[in-house]
Amino acid sequence: MRGSAAVLLAVIGCASGRERPARTEPIDLAAAAREAVHHAWAGYRRYAWGHDELKPLSKSPRDWYKESLLITPVDALDTLILMGLHAEAEEARAYIVQNLSFDRDVEVKNFEIVIRVLGGLLSSYQLTGDERLLALADDLGRRLLPVFDSPTGMPYVNVNLRTGKASGARSNPAEIGTLLLELGTLAKLTGKDVYQAKAKNALTQLYSRRSPIGLVGEEIDVETGAWVSRQSHIGGGIDSYYEYLLKCWLLFGDEDCRRMWSSSVEAVNRYVADRTPSGLWYGAVDMDTGRRTGTEFGALEAFFPAVLVLAGDLDRARQLQESSFKMWTAARAAADGFDYAAMRPTHPRWPLRPEIIESAYYLEAATQEPRWTAMGRRFMGDIEACCRTEAGYTVLDDVTSGKQGDLMPSYFLAETLKYVWLLGTPGAVDLHTLVFNTEAHPLRRTW
Ligand code: DMJ
């Protein structure tokens, strides 16, 4: 299937110069995603093996810090396993258990390492039963714990993996509130309750600082507990805080999370949602008054229909996904910033993000309506036309012109292509028994 899947792609021309003839056959999403993962992995393997990420245009590696933490292999491993790419999965797992060490004198971003590396190790452990993956996760968790040693218990942004020195007091709801699925799962699997307790405390500390109308801002000082920015929205810096309020209830049955989610989503739907002639959107408002301060949506905000589906609000989820699709079709992909009042991109990058595809997947799983798969075909066709390179797939610096940048982020393998594959493989996973973390790592409720 590998070679032939690409042939099925219904591709439109892309101004990056890689024009292809338009085709009419429907894309087989599962086969296309699997072939794309195979191609992306081959590029990583050839030009960036052992490093964090691939730069596909320059065919060179990129490391986040002065030493590699194998971010792409760890992030990609459960995708390789789920798609049945056995040789690649085995190669990645063997390399990780032999070479990954967290005894490094590097200051890492806690949030990114938790969602990508800790989440990836935990899901791969659950899928393989390889105890060495759990031991790595436990070692990483222990090294990250000093982030919570702030006066409020909300985590600092960074921590040195060897010394435990934490830094960065100015943080945001996403980085503070998107830790509980991973640390809670680590607690359940190791019996070390401290992981869950610290992450839960951080989440509730943040929630307790919501405004009188129930909203959070986009920046907060974890030492003083004071808001630095009082702008509220569902985009970058806040997004996955809401996702985890809901999902920590779904994964752990935590009633506090259910209550925090319910009151938060009510406030978001009341103040942040914006009904306009072009459809339902979520913009920006002042967290204290609800006064509208912006009409910007974007690729990150497009995660919200997925969460609304999980919460049972199919009506809003459908409407918002249709708006996201308008954003996508206004250019070649979902810009990181899109002014829905003017219907034009404001931040024209699209770094191969998964969110709009993730939402299509949840909508398809919940409704079986064909329109979500049709959307998926459009997304995958555009990715192939605009982002595929000889050595993998690369980000778009400008969705309007199709100009390519030079990076294949690890989440493209962990999330973007996984959600394309899930969309094309109905019933591949049972959403009643597992919860995807914000990096699309499936965490199974085994407790
Ligand atoms: C991923 O690392 C996660 O999905 C995160 O929640 C948001 N940013 C990227 C993808 O856009």
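Ligands are counted one by one from 1 in listed order, and the atoms in each one are counted from 1 as well. In this chain, numbering begins with 1 at the start of the sequence shown.
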TODO: Compute the shortest N/O to N/O distance between Thr438 and ligand 1 and return yes if it is under 3.5 Å, no if not.
DONE: yes
message: Between Asp221 and Arg170 (salt bridge meaning N to carboxylate O under 4.0 Å), is one present in this structure?
response: no
Run the salt-bridge test on Arg142 and Asp138 with the 4.0 Å N-O cut-off and return the result as yes or no. no
For Glu355, the ligand 1 atoms with a heavy-atom partner under 4.0 Å come out as 4 (O), 7 (C), 10 (C), 11 (O)
Quick look: Thr178 vs ligand 1, heavy-atom contacts under 4.0 Å, and the answer is neither
query = Is any side-chain N of the basic residue among Asp397 and Lys403 closer than 4.0 Å to the acidic one's carboxylate O?
reply = yes
Output a table of donor-acceptor pairs, distance under 3.5 Å, between side-chain atoms of residues 296-311 and any protein atom two or more places apart or on a different chain; print 'none' if there are none.
| unit_1 | atom_1 | unit_2 | atom_2 | d |
| --- | --- | --- | --- | --- |
| Glu296 | OE2 | Thr346 | OG1 | 2.3 |
| Glu296 | OE2 | His347 | ND1 | 3.4 |
| Glu301 | OE1 | Gly298 | N | 3.2 |

If we only count N/O pairs under 3.5 Å, is Glu439 in contact with ligand 1? yes
Does any N/O atom on Tyr411 come nearer than 3.5 Å to any N/O atom on ligand 1? no
> Would one find an N or O of Glu415, backbone or side chain, under 3.5 Å from an N or O of ligand 1?
Replying inline: yes
Under 4.0 Å from one or more heavy atoms of Pro354, ligand 1 contributes atoms 10 (C), 11 (O)
(message) So for Arg116, does at least one of its heavy atoms come nearer than 4.0 angstrom to any atom of ligand 1?
(response) yes
min-distance protein heavy atom vs atom 8 (N) of ligand 1 -> Arg353 NH1, 3.8 Å
Q. Would the Trp447 and Phe252 ring centres measure less than 6.0 Å apart?
A. yes
Query raised in the report: Is it true that the side chains of Asp75 and His441 contain a donor and an acceptor less than 3.5 Å apart?
Result: yes
Counting heavy atoms under 4.0 Å, the part of Asp239 that contacts ligand 1 is neither
Query raised in the report: Below 6.0 angstrom between ring centroids: does that apply to Trp41 and Tyr44?
Result: yes
